[in-house]
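Quick notes on the structure that follows.
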Amino acid sequence: MEHADHGIQWLASWPDWYAALTFARGIGPEELAARLGAVPDLRPGPLSPSEAWSMAMDAVDGEGVARVGTWGDWSFAVEHGQPAGAELLAEVSRDGAEAVHLDPQPDHPPKQFAYARDGELVCCFALGEELWRGGHHPDFLLPELIEAKVLHPDGGHARPEDEPAPERERRTLEVLERRFGLALPRRLAADTPLPAYVTGAHTR
């Protein structure tokens, strides 16, 4: 498959995309875990996805398990269970950092995107619903979305109504991949044991 191991476009057709992803540029993976509310002195060691899911199932309300690493310029967290990045993205991006959150929302679609920089939520939208955008600068990615023919210059959708959802989402992921230089090999998200943290301590 063309995008199986490059960038993030492969996420659109990954049937097992259940864990949220938080990327951060300007900080390392340990600091990313700390900003996601890592519980002090609780590091379960390298965990596989199945081990992380099992641990997340036993976590208390508001806590999850984040497997962390780096790829390219970005640190990343694969968030199993409660995704702390959804609520703490501005905190993750403080002090000049950048952060991107992708949430597959398997129980409450559509999939969600958000981008924060230097402590501020810049923009956010749902994949497939890019015409409804939020954040302090909702039009931040509008030029790229128009250039990729995701949106018309007038702000409406440029895609045919019968376009399959995975292809629709892939196009938007391609915009994010190019704009931010995001990449995450499938093996790291789906198979590789990674350093892990229990997150959500900020919500206690």
Side-chain angles (χ1 to χ4, degrees), residues 1-25 32 49 66-80 83 85-86 89 92-93 97-117 121-135 137-153 155-192 194:
M1 184 175 177
E2 181 181 357
H3 304 292
D5 293 305
H6 304 282
I8 58 170
Q9 296 177 54
W10 60 271
L11 290 166
S13 56
W14 186 28
D16 296 323
W17 186 16
Y18 300 115
L21 302 170
T22 297
F23 298 86
R25 182 158 56 187
L32 171 56
R67 297 164 51 242
V68 303
T70 59
W71 191 262
D73 294 336
W74 293 82
S75 299
F76 66 85
V78 184
E79 298 190 74
H80 304 265
L89 202 65
V92 171
S93 75
E98 296 176 85
V100 171
H101 186 71
L102 294 170
D103 193 335
Q105 294 275 27
D107 297 324
H108 302 284
K111 301 174 175 67
Q112 300 290 322
F113 154 79
Y115 169 65
R117 181 177 58 198
L121 178 63
V122 177
C123 66
C124 57
F125 52 75
L127 275 63
E129 298 181 356
E130 297 83 1
L131 70 168
W132 296 301
R133 302 177 300 279
H137 304 282
D139 292 341
F140 180 75
L141 290 173
L142 185 58
E144 287 91 344
L145 292 169
I146 292 173
E147 182 180 0
K149 296 182 171 55
V150 173
L151 296 177
H152 283 302
H157 270 133
R159 298 160 167 168
E161 292 185 5
D162 61 350
E163 183 178 40
E167 175 58 21
R168 184 169 64 243
E169 293 167 358
R170 187 200 65 76
R171 285 212 227 172
T172 298
L173 289 169
E174 183 180 14
V175 169
L176 305 179
E177 176 184 299
R178 292 182 175 181
R179 176 62 178 81
F180 299 112
L182 290 172
L184 180 63
R186 183 195 296 255
R187 61 180 173 79
L188 290 182
D191 301 308
T192 305
L194 295 170

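Hydrogens, waters and symmetry mates play no part in the numbers below; they use all other heavy atoms, side chains included.
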>> Please find the pair of heavy atoms, one from Trp71 and one from Ala183, that lie closest to each other, and give the distance.
In response: CD1-O, 3.5 Å

>> For Ala12 versus Pro166, what's the shortest heavy-atom pair and its separation?
In response: CB-O, 3.3 Å

>> If I take atom NE2 from residue His101 and atom CG from residue Asp103, how far apart are they, to the nearest 0.5 angstrom?
In response: 4.0 Å

>> Rounded at 0.5 Å granularity, tell me how far CG in Leu32 sits from CZ in Phe76.
In response: 9.5 Å

> Is the closest side-chain heavy-atom distance between Gln105 and Tyr18 below 4.5 Å?
Replying inline: no

> Within a strict 4.5 Å, meaning less than it, do heavy atoms of the Tyr115 and Leu89 side chains meet?
Replying inline: no

> Below 4.5 Å, heavy atoms only, C-beta onward: do Leu188 and Leu184 meet side chain to side chain?
Replying inline: yes

> Closest heavy-atom contact between Val92 and Ala97?
Replying inline: O-CB, 3.9 Å

> Minimum heavy-atom separation for Leu151 to Glu130, with atom names?
Replying inline: CD1-O, 3.9 Å

>> Has Glu177 got a side-chain atom pairing as donor or acceptor with Ile8's backbone, closer than 3.5 angstrom?
In response: yes

> Going by an N to O cut-off under 4.0 Å, is there a salt bridge joining Glu169 and Lys111?
Replying inline: yes

> Centres of the Phe180 and Phe23 rings: under 6.0 Å?
Replying inline: no

> Measuring from Leu102:CG to Thr22:OG1, what's the distance to the nearest 0.5 Å?
Replying inline: 8.0 Å

> Should Cys124 and Gln112 count as side-chain neighbours, where that means a heavy-atom distance under 4.5 Å?
Replying inline: no

>> Can you tell me how far apart CG (Leu182) and CG (Leu173) are? Round to the nearest 0.5 Å.
In response: 9.5 Å

> Within the side chain of Arg67, is there an N or O that forms a donor-acceptor pair under 3.5 Å with the backbone of Thr192?
Replying inline: yes

>> Given 3.5 Å as the limit, does a donor-acceptor pair link the side chain of Trp10 with the main chain of Arg170, or not?
In response: no

>> Can you give me the closest heavy-atom contact between Ala19 and Trp17, atom names plus distance?
In response: O-NE1, 2.9 Å

>> Within the 4.5 Å heavy-atom criterion, are Arg25 and Ser75 side-chain neighbours or not?
In response: no

>> Would you say CD of Glu147 has more than 12 non-hydrogen atoms from neighbouring residues, nucleotides or ligands within 6.0 angstrom?
In response: no

> Does the distance from a Lys or Arg side-chain N to an Asp or Glu carboxylate O, for Glu144 and Arg179, drop under 4.0 Å?
Replying inline: yes

>> What's the separation between atom CD in Gln9 and atom CG in Leu176, rounded to the nearest 0.5 Å?
In response: 10.0 Å

> In Å, rounded to the nearest 0.5 Å, how long is the span from CG of Leu21 to CH2 of Trp74?
Replying inline: 12.5 Å

> Okay, side chain of Arg168, backbone of Leu127: is any donor-acceptor separation there less than 3.5 Å?
Replying inline: no

>> Are Leu141 and Cys123 packed together at the side-chain level, in the sense that at least one heavy-atom pair is separated by less than 4.5 angstrom?
In response: yes

